[in-house]
Amino acid sequence: MESLHTRAISPHRSWIYQQSSVFVWIIFSWIMCCECFKEKNLTIGGIFPMVGGWGGGVGCLPAVEMALEDINNSTDVLPNYQLWMVGKDSQCMPGLGTKVLYELLYTHPTKIMVLTGCSSVSTFVAQAAKMWNLVVLGYGSSSPALSNRDRFPTFFRTHPSATIHNPTRVRLFKKFNWSQIATIQETLEVFQSTVEDLEERVKKAGIDIVVRQSFLTDPTNAVKNLKRQDARIIVGVFYEDMARRVFCQVYKEKLYGRKYVWFIIGWYPDNWYASKDENIDCTPDQMREALEGHFTTEAIMLTKKSTVTRSNMTSQQFKERLDRKLNVTETAQVPGYPEAPLAYDAVWALALALNKASARLKRRGMRLEDFDYTNKEITDEIYSAMNSTKFLGVSGEVAFSSSGDRIACTQIEQMINGVYHQVGEYDSMADNLTWLDNEIWIGGSPPPDRTRTVKFQRVVSPGVFFAMCGLATLGITAGVAALIFNTLNRHRRLITMSQPNVNNIMVCGCILCLVCIYLLGLDGQFVSVQSYPRLCMARAWLLSFGFTFGYGSMFSKVWTVHRVTTLRKKNRRKVRVWEFYVVLAFIFVLDVIVLTTWQAVDPMFRDLEYFPYEDPQDTDEDIKYQPQLEHCTSNNLTVWLGITFGYKGVLLILGVFLAYETRSVKIKQINDSRFVGMSIYNVVVMCVITAPITLLISSQQNATFVFVSLAIILCSFLSIGLIFIPKVIQLVRNPHKEGIEIKAMSDSMASREEEERHQRLLVENEELKQHIAEREDKIRELNRRVLSKSQPKCVTIQTEESSDILADHNPHPAKTNACVVSFTNLSPLTIGGGSPDDLGVSIDADSGLASSSMAKSSKNSASDSEPYC
Ligand code: ABU
């Protein structure tokens, strides 16, 4: 590392001595002066970042040189000393910074103080320097961490701490009503401590930092995360080189424009984004697009007052002198140009402190030039002098707080059309914001700090609601008609024998379920939030009672039929009406217990299900819709549903079983039991399908409503239809004939199974007829043979065959003696007493057995015929 400068800044005094006209005096003076000059050189170390994250040395070094020149020329500051500086480049890299510090320390001459810039270097330098009793002065170190006196006991700075931006930022957040912000930072202590300070301040102001992102060298993911987490007001703290990377990524992610506001550090050179940078692949135009409208905050580093400062020039004169020295067309592009006044004042502060310390040391018989890194007394004097330094510099009033910080005002700038314009100033001490009202918002006004979410309630579509309610009304009308029909025809046997009261209860149950459809369709569009819990309970009670009455009454019928048919014959008795109600009452009481306990212990309330945000289709406003859906719920909903579905499920399964068991049974007290069974099958199938599917599609309000409504409507229509339509038909067909209507009712009840059984019996009958015919043929043959002998005497035929035949039909063969001759005139057909059909094959409807009356006929023939003698 080459030294940047190692030179005497003020040769004027030696020149004066050289020009002295008195030779002896010249010689004497020369010797004395040389001696004096030799002793009174004071050297400081200077560490300058000429490149890197903040290459501020480029602008600050000329200012430091100007200050050394001015101090050495001044007669009242360090009059007996020449101030020298050995400067080194740290490249704003902590490692290199530490290395150059050691080079400064371990090379002659002894450095009485160290000037440093770039926070990451300054923290290392300031921490190490205390070991060499060195006072360090930062001209370009903004890290809030440097305010820690325990860590950096000998550190001072003319550069304000970066925390000075934070009160300004908070003030602006409040001005524009932003209550949530995001941060993105380069992972360096300087920025980490800045963000920590910001966090504390925003918290006090009631503002949330909702997203915090940091990156080491590649901001791609951090920027993506900001986008993903919908950050809008973003504070970015990073060095200039990283700022280019961040905004190139911001351009790619489209994280700029009317919806976003960026706040970044204001001490970058004015066209920092257009600088050539091989680490980014964005054009200057793209960078400018991404940066348009962003705000910067920076400490005011060049006083705006035209007062003559300690260095005998105004800030404006300083600027002109510096511009001349820099000799560039665009000073705004010089890194460190804004901080140059701070560097200039830093050297003045250092010189003034040394000046003061020198006087104090003199009184104690010590000299500044005696400083040798081990002399703490001299360091203490310098430290104390620094602490009390106060003067008007080109950067403003220079004074150090107890933590060594500079106090300053901040200015706020906005990039408008690629150029920074000042839009305000803030004095944090007085909390005084001067706002120029010349800022420009891309969207015309400050954007909101978050996407405005518009809650949007999903409700059952009116079309669907009214369609289902229409069908429900139809069902209710059918139910009422059925009740009227039952009442009007209550005297008819057909109705009496169908347990009309039980049927009426069933119809009432269906009506209750149908009424529940109205309640199921009522939601936030009709019912207030306060009334919703009552609606929930009303639905539960109504549906539960509807099911109990509707299904329970049918269940009670099949239960009774089954009980009656399974009793032993001797125990069978007439069905008593109250038996139906016992079953019903049992289910009803169970309902009341469960529902009452549910309501008392864990009442239902309104719960909202939230759906993912949806973009508006009809506007480009910065809003998102958030659909929400109302549900009835309670804390232990699953438990209550489990209990309710549990016992109702048992009823359903039992109902199906009983209906199947009694499918062929008819008892006269329940003439419609078979239709009831069919209705039960229907209800069970509908419930088994509907219950789980409804739970699965509960997030789709229309589908759920339609599904449940149709299930209720179908069950109700089918139940009412199956039980009442056959009765209506019979009564219409046979308005006055009681017996016929019963028979017709019974006939109409013939099931398919009965039909099949009947067919089987017919086939069996046919076989028996055939069998009988064959036997008759045989008898005829025997008769013929007997007749052919033609012996008119009375014999007892006891042939094997005849005896076999007769024995087949007569259990008392002894009595089958017949006078065959007397049969001669008898037609074989008459033996059985008539046509084959009259053989006595009958079908016992219950047993299904066929029997032959042949035996009886034979017996009768034998006994009724007198012996022919
Ligand atoms: N204004 C430049 C500050 C640089 C730094 O703190 O590192």
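Here, residue 1 is the first one in the sequence, and each next residue gets the next number. Since this is a predicted model, take the numbers as computed values, not measurements. Just follow the structure's listing: the first ligand is 1, and inside any ligand the first atom is 1.
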Less than 6.0 angstrom separating the ring centers of [X] and [Y], yes or no?
{"X": "Tyr273", "Y": "Phe247", "answer": "no"}
{"X": "Tyr239", "Y": "Trp272", "answer": "no"}
{"X": "Phe173", "Y": "Phe263", "answer": "yes"}
{"X": "Trp267", "Y": "Phe238", "answer": "no"}

task = Identify whether the distance between the nearest side-chain nitrogen and carboxylate oxygen of Arg244 and Glu240 falls below 4.0 Å.
result =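 A salt bridge is present here (some side-chain N lies under 4.0 Å from a carboxylate O).
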For ligand 1, the residues whose heavy atoms come within less than 4.0 Å (ordered by chain, then number) =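 If the criterion is a heavy atom under 4.0 Å, then ligand 1 touches Trp54, Cys118, Ser119, Gly140, Ser141, Ser142, His159, Tyr239, Trp267, Glu339.
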query = Does any N or O in the side chain of Lys259 come within less than 3.5 Å of the main-chain N or O of Tyr256, such that one atom is a donor and the other an acceptor?
reply =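 Looks like no, no N/O pair under 3.5 Å.
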